[in-house]
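Taking it in order: structure first as structure tokens, then the write-up.
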Amino acid sequence: MIDLPPAIILLLGAILVAASRGVLRAAVVLIAPLATLAAIVQVPDGVSLTASFLDKTLELVEGSPVRRLFAGVFAVMAFGGGLFAFRQAKGTELAAALAYAAGAIGVCFAGDLITLFVFWELMAIFSTVVVWCGGGPGARAAGIRYAIVHLLGGVILKVGITGLMIHTGSTDIRPMLATDFDTSMILIGVLLNAAAPPLSAWLADAYPRSSPTGSVFLSAFTTKTAVLALILLFPGEPLLIGVGLYMVFYGIIYALLENDARRILAYSIVNQVGFMVCAIGIGTSLAINGAAAHAVAHIVYKGLLFMSAGVVLYRTGFAKCTDLGGLFRTMPVTTLCGIVGALAISGFPMTSGFTTKTLISEAAKGEGLAVVYFLLAAASAGVFLHAGIKFPWFVFFQRDSGLRPKDAPWNMAAAMLFFASICILLGVAPGTLYGWLPYPLDYDAYEPGKVLFYLQLLLFSGLAFFLLLPWLARTLTISLDLDWLWRVLVPRMALLLERTVHHARQAAAPALAGAMRALRTTAKMLFDADGVFARPWRIGTTGLWIALLLSGYLVAYYL
Amino acid sequence: MGKPHDHWLVRRTTIRGLWIVFSVVLGATVAAEIIINIKGYSGLDNWPGFAAVFGFFGCVALVLISKVVGRVVKREETYYDDGDPP
């Protein structure tokens, strides 16, 4: 086999998809991710491919267990997403989605920061195209806002990388702490892709505008490559614990307020990534294992949830809870898969969420971080509340909306069942995943006391949901976020400034006209044909002036 | 909801049945602590039923906080009016 980097295989696949039609395109969409996966498994530990750029040696492919794990699950995601989308999505979207996935896989194997940056930007470009494929002015505007935020993030990252290159001479990807300007810039640039505060709004703004199939791809790559980058660059950075906890609760609160089903899921991405960011902040080997395992599980169940929401949107044209309800009657497969995804995200025993998220709680416990531990436990209850029950309840049950859509088309159903079985497999046999984690792990997920603790926690959250249902009634509203600052405040300030200038000019108009007249009269008096300076002057007068000016200069020189 | 000819899952009797089953399961998870010991973090969460109370009131608190935040951030759907279909 030719030794192509995995990302390049997928990128070639994307180009082929863009150039082909019909059966050939379908075949490439499905085969390219699998071929990439085969190449990913074979990537050896250490640097295996370099290239020279200017006076630098770029490490294009560097393998390690955690890199292969993330790249592998990205390839599985690209396959599942491709299976879900290949009959319904536009060719542009499929090609862009594969190129986007190729960017993510490229980041996974990047051995130095320059290579990472190149693939990072590749993701930014093609994910924007995927957002645009949602169609309509809403998607176009959201895509532009999305691109601006990510290009800004890219610039910040580049500033950090360049600074690090100048000050240390190395662009190697290695663990660091945000102790100086360069490393802080890198951290900010990476965190921006993780949807960390204060710039979290782009995610819930852009993802729900994409097509029913596009959001499946978007949910997986950007935030999770940021998680991998944090694992590789900033393990144990204490700042991340606080950032992660903020994201966890931000996601829950905003999802509780939200009406759009896909936006509920988008907020819950921020929430789930918060768990991972917090774990990376804790930084022990158990915590890093937890972050990696949870990222893998999350990619699959969040993809599954977006698939089930995507099928509903595809079949009914609706995504808002206020338009939906009672769909379980005619969409049993979609409902069932949606519920499996919802249980997995909530960390219910026997699902992938349980066997991965509890690693993070254990790590917090092991480090004696009592507050973090209890906040994460409360957040686990909150996840069940905002995603675990809220999503399936409002979409598939709630009330009879009168909608009787057909169930998912066969390829969409197959993709959902594939992902649902992974969610259950990782829950029932966690050893299948634990063996791939970056550090050796000796952990019993199904210790009876732990299972009982989470069962109580989650089931009583369920009780709280149904008792508080009247307070959770959906309203036709959106929730403002910090992007309000540049979507509303800045334009308003610009308008205000423009008006102020306009008024000031109007008020000053008479005075200005007077001043102009005076200036003209003076100029005429001085410089006109018969003005002061045009008159013939006598030699004596001229001589006198020259003498005066020169002596004035002499005096000034000695002063 | 609840008309006799509707889907069996949404009939009044089924829903009442589900509530009963759910309540029994809730009670069972707390009662199970008699035989299964939950190894708590500190003294506080070693009390029987701690997770149940914590989960329930945690959710109530989150909903209350979201209500307060909602008062500040909730706006009409057309607020941004950037050509989004309603």
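Note on naming: letters A, B, ... go to the chains in the order of the sequence lines (proteins, then strands), and numbering restarts at 1 for each one.
The CZ atom of Arg209(A) sits 12.5 Å away from the CZ atom of Arg140(A) when rounded to the nearest 0.5 Å. Interatomic distance, Leu482(A) CG to Leu489(A) CG, rounded to the nearest 0.5 Å: 11.0 Å.
Here Val30(B) is the residue among Ile65(B), Val25(B), Val30(B) with the most heavy-atom pairs under 4.5 Å with chain A. Taking Leu26(B), Val69(B), Leu62(B) one by one and counting their heavy-atom pairs under 4.5 Å with chain A, the maximum is reached by Leu26(B). Across Leu385(A), Leu452(A), Asp260(A), the residue that shares the most heavy-atom pairs under 4.5 angstrom with chain B is Leu452(A). Your options are Trp19(B), Phe22(B), Phe57(B), and the one with the most heavy-atom pairs under 4.5 Å with chain A is Phe22(B). When Leu9(B), Thr29(B), Val60(B) are compared by the number of non-hydrogen pairs under 4.5 Å with chain A, Thr29(B) comes out ahead. Between chain B and the residues Gly368(A), Gly462(A), Gly382(A), Gly326(A), the largest count of heavy-atom pairs under 4.5 Å involves Gly368(A). The candidate with the highest count of non-hydrogen atom pairs below 4.5 Å against chain B, out of Leu468(A), Leu455(A), Val451(A), is Leu468(A).
If you measure heavy-atom distances from Tyr454(A) to chain B, you find no contacts under 4.5 Å at all. Ile252(A) touches chain B through its side chain: at least one heavy atom from C-beta onward sits under 4.5 Å away, while N, CA, C and O do not. Contact of Ala255(A) with chain B is not made at all, since no heavy-atom distance falls under 4.5 Å. Leu463(A) touches chain B through backbone and side chain together, each having a heavy atom under 4.5 Å away. Using a 4.5 Å cut-off between heavy atoms, Leu459(A) contacts chain B through both its backbone and its side chain. If you measure heavy-atom distances from Ala370(A) to chain B, the contacts under 4.5 Å come from both the backbone and the side chain. For chain B, the nearby part of Leu256(A) is the side chain; its heavy atoms alone come within less than 4.5 Å. In this structure, the portions of Phe453(A) lying under 4.5 Å from any heavy atom of chain B include both its backbone and its side chain.
Comment: Lys320(A) engages Glu77(B) in a salt bridge, judged by a side-chain N to carboxylate O separation of less than 4.0 angstrom. In this structure, Asp205(A) pairs ionically with Arg145(A), as a charged nitrogen and a carboxylate oxygen lie closer than 4.0 Å.
Taking the centre of each ring, Trp484(A) and Tyr80(B) stay at or above the 6.0 Å mark. Outside the 6.0 Å centre-distance limit, the rings of Phe54(B) and Phe460(A) are not counted as a close aromatic pair. When ring centroids are compared, Tyr254(A) and Tyr267(A) come within the 6.0 Å threshold. Proximity of the aromatic rings of Phe384(A) and Phe465(A) is defined here by a centroid distance below 6.0 angstrom, and this criterion is not met.
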Subject >> Trace of the salt bridge (Lys or Arg N to Asp or Glu O under 4.0 Å) decision for Asp400(A) with Arg329(A) >> reply: CA-CA 9 Å; Asp400(A) 187 2; Arg329(A) 289 176 180 80; 3.8 Å; yes
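Ring geometry, Tyr146(A) versus Tyr207(A): the interplanar angle falls from 30° to 60°, so the pair is classed tilted.
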